[in-house]
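One structure is given here, and the rest of the page talks about it.
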Amino acid sequence: MSSEQAAQDNEQVWDVVVVGAGPAGASAAHAAACAGRRVLLLEKAELPRYKTCGGGIIGPSRDSLPPGFTLPLRDRVHAVTFSLNGRLTRTRRSKSMLFGLINRPEFDEGLVKAAKDAGAEIRTGVAVSRVEQHGATVPDRRTVAVVLSGGEVILARAVVGADGSAGRIGAHVGVKLDQVDLGLEAEIPVPPTVAEDWKGRVLIDWGPLPGSYGWVFPKGDTLTVGVISARGEGAATKRYLEDFIARLGLAGFEPAVSSGHLTRCRTDDSPLSRGRVLVAGDAAGLLEPWTREGISFALRSGRLAGEWAARVAEAHDAVDARRQALNYAFAIKAGLGVEMSVGRRMHAVFARRPGLLHAVLTGFRPAWNAFADITRGTTTLGELVRSHPLARRALDVMDRRQAKEG
Ligand SMILES: Cc1cc2nc3c(=O)[nH]c(=O)nc-3n(C[C@H](O)[C@H](O)[C@H](O)COP(=O)(O)OP(=O)(O)OC[C@H]3O[C@@H](n4cnc5c(N)ncnc54)[C@H](O)[C@@H]3O)c2cc1C
């Protein structure tokens with residue numbers, strides 16, 4: 001092959017191809033582009049696209065945004081009303097902002113723009129059907145073939161799968177799951193008097209199904225009302241949402257959008273890469289198992305995946321590629337992995353004793369302060385349990401009690 005031909009072929013191989021332009025994919029593309037790599041971000045929808053999501057932006061999400069990114073906040077939360085399946089309602093307030101609320105279409109579009117500004121190329125309206133690391137589509141061992149649904153093949157030195165909870169790349173990597181939930185949501189436009197009542201305040205309702213909860217997140221003239229529960233209880237989850245909406249006096253307002261989406265949490269030993277392909281965000285099952293908060297997990301894992309994919313792209317052989325991919329896995333396990341394991345324990349306690357959690361949060365000020373600190377981002381669930389002997393002991397006691405009860 002002439003050197004001219006080699007250079008031409010090289011031109012056609014992207015350093016990093018990112019699949020999916022949600023927060024994980026946009027962050028990965030941004031990070032890899034900032035590292036100086038040629039990056040292509042592929043998205044099956046046209047942007048802006050709708051995503052079923054409460055749009056709650058907690059401190060760690062704010063801290064993981066690209067430099068200079070302006071959050072398109074629809075509201076700032078200063079109060080939380082807690083209820084236990086509609087009963088024992090209690091509101092807690094905070095002078096400083098707890099967390100922010102955004103609409104996903106504009107938030108995600110902003111993140112994609114940041115990736116583009118950093119140098120990534122974006123293609124929308126293209127669905128990836130599979131990736132191949134061996135076989136006829138792959139010219140050499142340093143290349144991954146990304147096959148689009150129409151048959152077009154795109155070549156890359158490294159791939160980041162950020163195609164969400166129903167994506168394809170997680171299956172290629174062999175992601176293993178231990179908790180799958182169904183979230184149902186309605187975007188409900190409301191008149192100004194109703195909107196005023198909710199301004200700056202969210203509602204969290206611990207639900208009737210094990211591990212379920214509901215929320216009202218105000219976004220100006222629209223309320224995002226949703227519930228989440230274990231998958232497999234579809235009819236009961238739907239009923240919970242209907243009852244929840246009726247109880248709040250919102251049944252008379254026609255939702256502008258009603259939708260559902262799965263959330264998935266990885267097992268502790270689930271792979272985060274295979275060969276030159278890394279996974280991030282929902283595609284990797286990276287999500288806080290108790291609250292199902294996933295935007296900060298997507299932003300943080302996306303950024304790490306982009307940074308390590310930039311190194312995988314430079315790897316000259318399979319051993320080096322594997323070393324870089326393992327570094328990504330270590331970084332995830334040391335940070336988000338620890339948070340997930342505490343979240344898993346919290347979820348197990350909450351699923352059995354929602355009343356206890358409700359009583360502690362509404363009646364015991366240090367618990368409310370901890371909740372507020374976590375949402376503000378001054379601490380994480382993992383840090384809290386590590387640094388507060390009382391929190392650690394309480395969780396240990398609950399774990400033991402649960403083990404005894406079988
Ligand atoms: C009901 C509900 C409420 C939630 N509320 C919150 C909340 O308030 N706060 C919070 O932090 N988290 C929340 N989450 C979780 C959060 O929405 C997700 O964790 C987050 O969207 C994950 O981001 P992601 O980039 O990994 O995936 P996604 O946001 O799902 O993005 C994946 C992208 O990949 C694209 N894609 C999929 N397949 C392909 C393909 N084959 N080819 C090309 N592109 C593809 C999709 O179109 C999509 O744009 C909620 C989840 C649910 C279900």
Side-chain angles (χ1 to χ4, degrees), residues 7 9-43 63-69 111-123 128 131-133 138-146 154-163 167 169-170 172-173 271-281 283-284 286 296-337:
D9 284 354
N10 228 13
E11 271 292 285
Q12 285 156 10
V13 181
W14 293 89
D15 292 326
V16 178
V17 167
V18 180
V19 185
S27 292
H30 182 269
C34 287
R37 302 299 180 272
R38 291 180 62 240
V39 180
L40 177 64
L41 174 58
L42 300 172
E43 166 59 48
D63 295 344
S64 313
L65 294 167
F69 184 85
L111 289 172
V112 169
K113 183 177 178 305
K116 195 173 175 191
D117 291 346
E121 193 162 307
I122 322 290
R123 270 181 75 183
V128 170
V131 290
E132 290 176 6
Q133 303 197 60
V138 186
D140 63 60
R141 283 159 171 260
R142 290 181 55 217
T143 310
V144 183
V146 178
I154 294 170
L155 301 177
R157 297 278 178 234
V159 169
V160 176
D163 47 347
I169 316 295
H172 174 82
V173 164
L272 288 150
S273 68
R274 177 173 163 196
R276 289 174 174 265
V277 178
L278 313 181
V279 277
L286 289 163
S296 82
F297 277 67
L299 291 168
R300 291 183 280 176
S301 62
R303 186 169 69 194
L304 287 169
E307 286 167 2
W308 289 104
R311 294 184 172 98
V312 171
E314 300 286 283
H316 289 292
D317 56 31
V319 175
D320 193 16
R322 184 174 158 69
R323 190 166 42 232
Q324 305 303 346
L326 279 177
N327 283 334
Y328 168 62
F330 287 141
I332 291 290
K333 285 176 187 166
L336 300 180

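Side chains included, hydrogens not; waters and symmetry mates left out as well; all remaining heavy atoms used. Note that the structure is predicted; figures quoted are calculated from it, not measured.
A side-chain donor-acceptor contact under 3.5 Å links Y328 to the backbone of V279. In terms of modelled atom types and a separation under 3.5 Å, the side chain of D163 and the main chain of A283 share no donor-acceptor contact. Listed for the R142 side chain is no donor-acceptor partner under 3.5 Å among the backbone atoms of A156. Checking side-chain atoms of S27 against main-chain N and O of P23 turns up a donor-acceptor pair under 3.5 Å. Using modelled atom types, no side-chain atom of Q324 and backbone atom of W308 make a donor-acceptor pair closer than 3.5 Å. Looking at D320, its side chain never comes within 3.5 Å of a backbone N or O of A315 through a donor-acceptor pair. R323 places no side-chain N or O within 3.5 Å of a backbone atom of V319 that could act as its donor or acceptor partner.
Looking at V17 and L42, their side chains come closer than 4.5 Å, going by heavy atoms from C-beta outward. The shortest side-chain heavy-atom distance between I122 and V112 falls under the 4.5 Å cut-off. Annotation: side chain of L155 is not in contact with side chain of V146 (no heavy-atom distance under 4.5 Å). Using a 4.5 Å heavy-atom threshold, the side chains of I169 and V128 count as touching. The shortest side-chain heavy-atom distance between L111 and F69 falls under the 4.5 Å cut-off.
Annotation for A309 and A158: closest pair O-CB, 3.5 Å, computed over non-hydrogen atoms. The two residues A305 and A280 come nearest to each other via the heavy atoms CB-CB, 3.9 Å. The two residues G25 and L41 come nearest to each other via the heavy atoms O-CD1, 4.0 Å. Scanning both residues, H30 and A115, for their nearest heavy atoms gives N-CB, 3.9 Å. R123 and I154 get closest at one heavy-atom pair: NH1-CD1, 3.7 Å. Shown here for A313 and V16, the closest heavy-atom pair between the two residues is CB-CG2, 4.3 Å.
Residue Q133 forms a side chain to side chain donor-acceptor pair (under 3.5 Å) with just one option from R276, R274, H172, and that option is H172.
In this structure, CG in L278 is found 6.0 Å from OG in S273, a value given to the nearest 0.5 Å. Between the NZ atom of K333 and the CG atom of L272 there is a distance of 6.0 Å, given to the nearest 0.5 Å. The distance from the CG atom of N327 to the CG atom of L304 is 11.0 Å, given to the nearest 0.5 Å.
A salt bridge links R37 with E314; the closest basic N to acidic carboxylate O contact falls under 4.0 Å.
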Take L65 and L299 through the side chain to side chain contact (heavy atoms under 4.5 Å, CB included) test and state the conclusion after the steps.
CA-CA 7 Å; L65 294 167; L299 291 168; 4.0 Å; yes

Would you check, one step at a time, whether the test side chain to side chain contact (heavy atoms under 4.5 Å, CB included) holds for V39 with V18?
CA-CA 7 Å; V39 180; V18 180; 4.3 Å; yes

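With hydrogens and angles left out, the side-chain atoms of T143 and R157 include a donor and acceptor closer than 3.5 Å.
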